[in-house]
Amino acid sequence: MKSLKTVKVNHGPLQHIPSFGAYTKVTEFDFSYNRLSAIPTQFEMPNVMILKMANNNVPSVPKTVWELKDLLWLELDNNNISTLSSEVK
């Protein structure tokens with residue numbers, strides 16, 4: 001499974017994003033329609049290009065999201081976001 005490229009865990013009761021540190025080839029994560037209340041401040045997903053976290057309870061976006069060098073698609077609609085980190089330009 002070390003060659004895994006896509007992880008989709010959506011439409012469920014997920015409350016925390018699990019560690020995917022061993023899966024460095026993953027480029028797409030879809031955690032939409034869960035019960036997430038935070039985006040991890042320590043991302044172990046260096047090659048992520050697509051991050052979908054729509055329809056959760058996320059209140060803010062940490063700077064680690066903006067530091068993802070390969071990120072092309074970020075989907076955060078229908079959350080409770082009231083602040084973005086100061087790194088957003």
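If you're wondering where the values come from, they're calculated on a predicted model, not measured in any experiment. Side-chain atoms are counted along with the backbone in the values below, which use heavy atoms only and exclude waters and symmetry mates.
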For residues 5-15, please give each side-chain donor-acceptor pair under 3.5 Å, one per line with the distance, not counting sequence neighbours.
unit_1 : atom_1 : unit_2 : atom_2 : d
N10    : ND2    : D30    : OD2    : 3.0

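- Considering all non-hydrogen atoms of both residues, S37 and P59 come closest at O-CD, 3.1 Å.
- Partners of S82 under the side-chain contact (heavy atoms from CB on, under 4.5 Å) rule, at least two apart in sequence or in another chain, do not exist in this structure.
- Residues passing the side-chain contact (heavy atoms from CB on, under 4.5 Å) test with L72 are M49, sequence neighbours excluded.
- Scored by the side-chain contact (heavy atoms from CB on, under 4.5 Å) test, E75 finds S32, K52, A54, W73, D77 as partners (sequence neighbours excluded).
- When all heavy atoms of I50 and L71 are compared, the pair lying nearest together is N-CD1, 4.3 Å.
- Heavy atoms only, all atoms of each residue included: L36 and H16 are closest at CD2-N, 3.5 Å.
- Taking CZ from F31 and CD1 from I39, the interatomic distance works out to 10.5 Å, rounded to the nearest 0.5 Å.
- The closest side-chain heavy-atom distance from T27 to V48 is not below 4.5 Å.
- In this structure, N57 has no side-chain hydrogen bond (donor to acceptor under 3.5 Å, both in side chains) partners at least two apart in sequence or on a different chain.
- The CG atom of N55 lies 4.0 Å from the OH atom of Y33; values are rounded to the nearest 0.5 Å.
- In plain terms, the two heavy atoms of P62 and P40 that are nearest each other are CG-O, 3.8 Å.
- Among residues two or more places apart in sequence or in another chain, the side-chain contact (heavy atoms from CB on, under 4.5 Å) test is passed with N79 by N56, V58, L76, I81.
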